[in-house]
Amino acid sequence: MARSHDDPGRHARSEDCADLSLRMWRHVSLHEALPVHARFHYDHTRPLEVRVAFRTGNGGAVTWVLSRDLLVRGLQRPSGDGDVHVWPACPRHDGDGLWLFLQGPTGAALLECRLSPLHAWLEETLRAVPSGTEGLSMDWDEDFAHVLAQGDR
C-alpha cells in the first residue's frame, strides 16, 4: 500500500516504542518549502528527551535533542524558549499542522509537519513512560557521571 508523503513510517523498535519517520517541510522563503526527512526516537532510559535526526542533502544527519514535555505542550499551544519553539497551526487554517523553529550556532530552520502522527507517537511514549514518572526510569548515577565528564572539556 502506498503512503502519502506525510504519513508516518515505522522503523526498528526500541524497547518502548517504534521510531517515527516523518516528512517535514523546511520553509526557506515565503514561497518555498523543501522536504526534510525526520526520524523521532524515544528511549525509556532517557525519558525526558526525544532525539530527532534530520537527514541532510549529502546523506548525513543533524540530530537535535528536544524535551518530550516541550513537544507535548507544543501540540496544544506555543511553547519553548531560546533555541527551540513549537506551536500548533491555527485551527482555522490548518488544524493538523505543527510548527517547529530550531536555532543553532550556524543558522535557523522553520519546519512544518502534520500534527496527528506526532501526537499519536508522543502518546505512545507517554504510555511507555507516563508523565511524572520519568525519574523512575533514569539511571541517575550514569547521568551524574555524564554531567561531571562534560565539565572536563
Item to complete: State the CG-CG distance between Leu102 and Asp83, to the nearest 0.5 angstrom.
Response: 8.5 Å
Worksheet item: To the nearest 0.5 Å, how far apart are CG in Leu48 and CG in Leu70?
Response: 12.5 Å
Worksheet, complete the sentence: CG (Leu98) and CG (Leu111) are apart, to the nearest 0.5 Å, by 10.0 Å
Practice prompt. Hydrophobic side-chain clustering at under 4.5 Å (ILVMFWY, transitive links): who's grouped with Trp99? Put none if nobody.
Written response: Trp87, Phe101, Leu110
Worksheet item: Can you tell me how far OG of Ser131 sits from CG of Leu126, rounded to the nearest 0.5 angstrom?
Response: 6.5 Å
Discussion item. Please enumerate all residues that pass salt bridge (Lys or Arg N to Asp or Glu O under 4.0 Å) together with Arg73, with sequence neighbours excluded.
Written reply: none
Worksheet, complete the sentence: Val52 meets the side chain to side chain contact (heavy atoms under 4.5 Å, CB included) criterion, sequence neighbours left out, with Ala38, Phe40, Val50, Phe54, Leu66
Worksheet item: Where is the tightest heavy-atom contact between Pro78 and Pro88, given as atom of each residue plus distance?
Response: N-CD, 4.1 Å
Fill in: Atom pair CZ (Arg51) and CG (Asp43), whose distance is rounded to the nearest 0.5 Å
8.5 Å
Worksheet item: Short question: side chain of Asp96, backbone of Arg114 - any donor-acceptor pair under 3.5 Å?
Response: no
Practice prompt. Report the distance from atom CG of Leu22 to atom CZ of Arg39, rounding to the nearest 0.5 Å.
Written response: 13.0 Å
Item to complete: Any pair with a residue in residues 56-65 that passes side-chain hydrogen bond (donor to acceptor under 3.5 Å, both in side chains), sequence neighbours left out, goes on the list, sorted by first then second residue, please.
Response: Thr56-Asn58
Worksheet entry | Polar side chain donor-acceptor pair, His27 to Glu32, under 3.5 angstrom | no
Discussion item. Quick check against the 3.5 Å criterion: does Tyr42 have a side-chain atom that pairs as donor or acceptor with the backbone of Glu49?
Written reply: no
Worksheet item: What residues, two or more places apart in sequence or in another chain, satisfy side chain to side chain contact (heavy atoms under 4.5 Å, CB included) together with Pro35?
Response: Arg23, Trp25
Worksheet item: Between Val86 and Leu75, is a side chain to side chain contact (heavy atoms under 4.5 Å, CB included) present by the stated rule, with each step listed?
Response: CA-CA 8 Å; Val86 184; Leu75 298 173; over 6 Å; no
Discussion item. To check you understand the geometry: which heavy-atom pair defines the closest contact between Thr125 and Leu122, and what is its length?
Written reply: OG1-O, 2.7 Å
Discussion item. For Gln76, I'd like to know if atom CD has over 12 heavy atoms of other residues, nucleotides or ligands within 6.0 Å.
Written reply: no
Practice prompt. May I ask you to decide if Arg77's main-chain N or O and Ser79's side chain share a donor-acceptor pair within less than 3.5 Å?
Written response: yes
Discussion item. Just by distance, no angles: are the side chains of His37 and Ser21 close enough, under 3.5 Å, to form a donor-acceptor pair?
Written reply: yes
Item to complete: Quick one: list whatever passes salt bridge (Lys or Arg N to Asp or Glu O under 4.0 Å) with Arg68, sequence neighbours left out.
Response: Glu134
